[in-house]
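Below, read A as the first sequence line, B as the second, and so on, with proteins coming before strands; counting in each chain starts at 1. Being a predicted model, the structure only gives us computed values, none of them experimental. All heavy atoms count here, side chains included; hydrogens, waters and symmetry mates do not.
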There are 2 protein chains.
Amino acid sequence: MSGKPEPGDEKLDLAARAGWLYYVGGETQEVIAATLGVSRPVAQRLIALAVSKSLIKFRLDHPIAACMELAKRLTDRFELSFCEIVPGDPTQPEARVSVAVSAATWLEHYVSQTAPLVLALGTGRTLRTAVAQVRPLSRPQHKVISRVGNMARDGSASAFDVVMRLADGIGSKRYPMPTPVVADSEEERALFQTQRSFRLLFELAAQAKATFVGIGEIGWNAPLHSDGFITDQELAELSERGAVGEITGWAFDEGGRILDGSVNARVVSLPITQPSDGLVIAVGNGPGKVVPIRAALRGRLISGLITDDLTAQAVLDS
Amino acid sequence: MSGKPEPGDEKLDLAARAGWLYYVGGETQEVIAATLGVSRPVAQRLIALAVSKSLIKFRLDHPIAACMELAKRLTDRFELSFCEIVPGDPTQPEARVSVAVSAATWLEHYVSQTAPLVLALGTGRTLRTAVAQVRPLSRPQHKVISRVGNMARDGSASAFDVVMRLADGIGSKRYPMPTPVVADSEEERALFQTQRSFRLLFELAAQAKATFVGIGEIGWNAPLHSDGFITDQELAELSERGAVGEITGWAFDEGGRILDGSVNARVVSLPITQPSDGLVIAVGNGPGKVVPIRAALRGRLISGLITDDLTAQAVLDS
DNA sequence: AGATCAAATGAAGAATTGCTCAATCGCGTT
DNA sequence: AACGCGATTGAGCAATTCTTCATTTGATCT
């Protein structure tokens, strides 16, 4: 019998119904309330819930001229293989949603293929938001790997483990990197790198059809730092040596050159300088990302980019 | 693109932007208008355009999605006032639980109202399971009536008397029909129908806010038969005359037409052709119910339906 | 059982959105 | 250049949606 109506589930079902009727069916909230047998305010709350829980997803199928223009210029200037620019919000240039939705669309593009493939992921808040948007599918033939460790200095696993979330959603095999982002010493790094699981990751990464990475700034509000992957001291040192951005922990300067030594000598992540023949797509937007993105583009650290028009414009204005 | 600014294209671009900002970005139309440099009404028109041209697409990622779709199609096709489709279990297409839980929810919906109301019930295993799920409440102001007799041919009261169970649970007044489902003769039926209690039921049924009925197949494993409400001979006769289903004892053919004469001439139940202005909701699922449900829908015998997605799909595939 | 607290609810009002309609604009025609 | 016609526009209003808040409900702990 199992007649136990789960508390959260039932509500989400209702929310899904409400969302469907509202957005797909175009019904008014009053009608929906009557249909579902609830009051009008409750119907409105259910719809809001459906949106906030991403039960309902919005997608845009239209190449927007200005964005395409920017994409073309970026592609030409920096020899990109892939570039997607979405409309940003001038009043909230930090808003992650738009870029995340676009990234999700492209993640889905790869995920939905039936031929087995390897997807590599970095870290980042936008990436995490994007992964949460990917429609659940059954793709056990795929492999989702991490190019970067998922443990903070204190030994805790990262809350932003995109690999796990994505693999959960699509039922793929998961290959996280159970190490810190930055080792305590070069010796420790060497130790990690000799482990079988690490070498496996190394080999899989070379086969990756696509690699999605976040792109981080170097500064006191850098996620890398505030999430506890690197210490205050390390941050200061990087900054002093000219680092302006990082990808999967690898710090680089304005010219997109990976710094020698310093913290980089202890970064455990897979080397970005040796990617696969697949795409390496950076995902991110916002004023703080302009400099890192420009640097990464100059240094040819990435072959693809997903950002918004404001960031793209700023990157081009150099 | 910097090509030629096509007249329609430019507008669609703007519409896409507006739609994106509205649905993905969650901006207000006023903000969007300012961002795009147009007036508020124009922004609203652009958003509407984006939706109507499917530049923006809505997608529901939830098991309920397919069910909603089916419900909509059934509602449209058969002019239903109410339709609820729940996810069924393909490995156990006969499983009654899901549908029963849903029916219980809707029973509760009516029961929990404080204004006095009349609920009418038919028979059926699913209905019985549903009634057992209704949360006990104190609603002495309600009336629960039966549209159908509760006595088998041998004079014993039915084990599935849903009216008693429901009324017990909610402390309402109960109005069972203390007759057989099928009388021995037309004269006997006439006798029953002149009784005061029967006439009272008749009047109450017209006031019923909602009527929940099971829907039965006509066949050797039909509950109507195996529970002893009709004899082997009667069953054979019905089958021969084209009956494919029954509701509260009234047998109907593929087109949902109530059969003339035969067993129907002795059915004591309240006529389904004269319901109230309230809903008449059929509850049931399983492969055997597909044909009866389709017939009942065709004949407009019911104005509401609760079933599972498998059954609903089969009903639509006609 | 009784008390306490958090969650959920609906009423009411504020904000937003959708729509009508008169005015305007663009554009081809005379 | 003037005219006419249809498309487009924004003002204003009605309908809908969102938010706040007081209240109730249900659950938990003593």
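- Looking at A:Leu107 and A:Val131, their side chains come closer than 4.5 Å, going by heavy atoms from C-beta outward.
- Looking at residues two or more places apart in sequence or on another chain, you find a side chain to side chain donor-acceptor pair (under 3.5 Å) between B:Arg174 and B:Asp168.
- For the atom pair CD1 (B:Ile64) and CG (B:Leu60), the distance works out to 8.5 Å, reported to the nearest 0.5 Å.
- For the pair B:Asp161 and B:Arg165, the salt-bridge criterion is not met [side-chain N within less than 4.0 Å of a carboxylate O].
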Show your reasoning for whether side-chain contact (heavy atoms from CB on, under 4.5 Å) applies to B:Leu119 and B:His142.
CA-CA 8 Å; B:Leu119 279 179; B:His142 296 339; 6.0 Å; no
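- Taken to the nearest 0.5 Å, the OH atom of B:Tyr110 stands 14.0 Å off from the CD1 atom of B:Ile170.
- Here B:Glu84 pairs with A:Arg17 in a salt bridge; the nearest charged N to carboxylate O distance falls below 4.0 Å.
- Ion pairing of A:Arg135 with A:Glu108 is absent here, as no side-chain N (NZ or NE/NH1/NH2) approaches a carboxylate O to less than 4.0 Å.
- On the nucleic acid side, DNA chain D contacts chain B at distances under 4.0 Å to non-hydrogen atoms, with the end points of that region at D:dT8 to D:dG10.
- Helix-axis bend for the helix from C:dA1-D:dT30 to C:dT30-D:dA1: the local axis fitted to the five terminal pairs at one end deviates from that at the other end by 30°, rounded to 10°.
- Nearest heavy atoms, B:Ala18 versus B:Ile32: O-CD1, 3.8 Å.
- Taking the six-membered ring for Trp, A:Phe58 and B:Trp20 have ring centres at least 6.0 Å apart.
- Across residues 44-55 of chain B, B:Gln44, B:Arg45 each have a non-hydrogen atom less than 4.0 Å from an atom of DNA chain C (numbered order).
- Remark: B:Leu270 CG to B:Ser146 OG distance equals 7.5 Å, nearest 0.5 Å.
- A nucleotide of DNA chain C counts as in contact with chain B when one of its atoms lies under 4.0 Å from a heavy atom; the first and last such, 5' to 3', are C:dT16 to C:dT20.
- The one candidate from A:Thr126, A:Asp308, A:Thr307, A:Asp309 that meets the side chain to side chain donor-acceptor pair (under 3.5 Å) condition with A:Asn285 is A:Asp308.
- DNA chain C lies under 4.0 Å from at least one heavy atom of each of the following residues of residues 29-41 of chain A: A:Ser39.
- Put simply, CG on A:Leu46 and CG on A:Leu36 are 7.0 Å apart, with the number rounded to the nearest 0.5 Å.
- Residues B:Leu301 and B:Val280 form no side-chain contact, since every pair of their non-hydrogen atoms from C-beta on lies 4.5 Å or further apart.
- Between B:Val99 and B:Ser102, every side-chain heavy-atom pair lies at or beyond the 4.5 Å cut-off.
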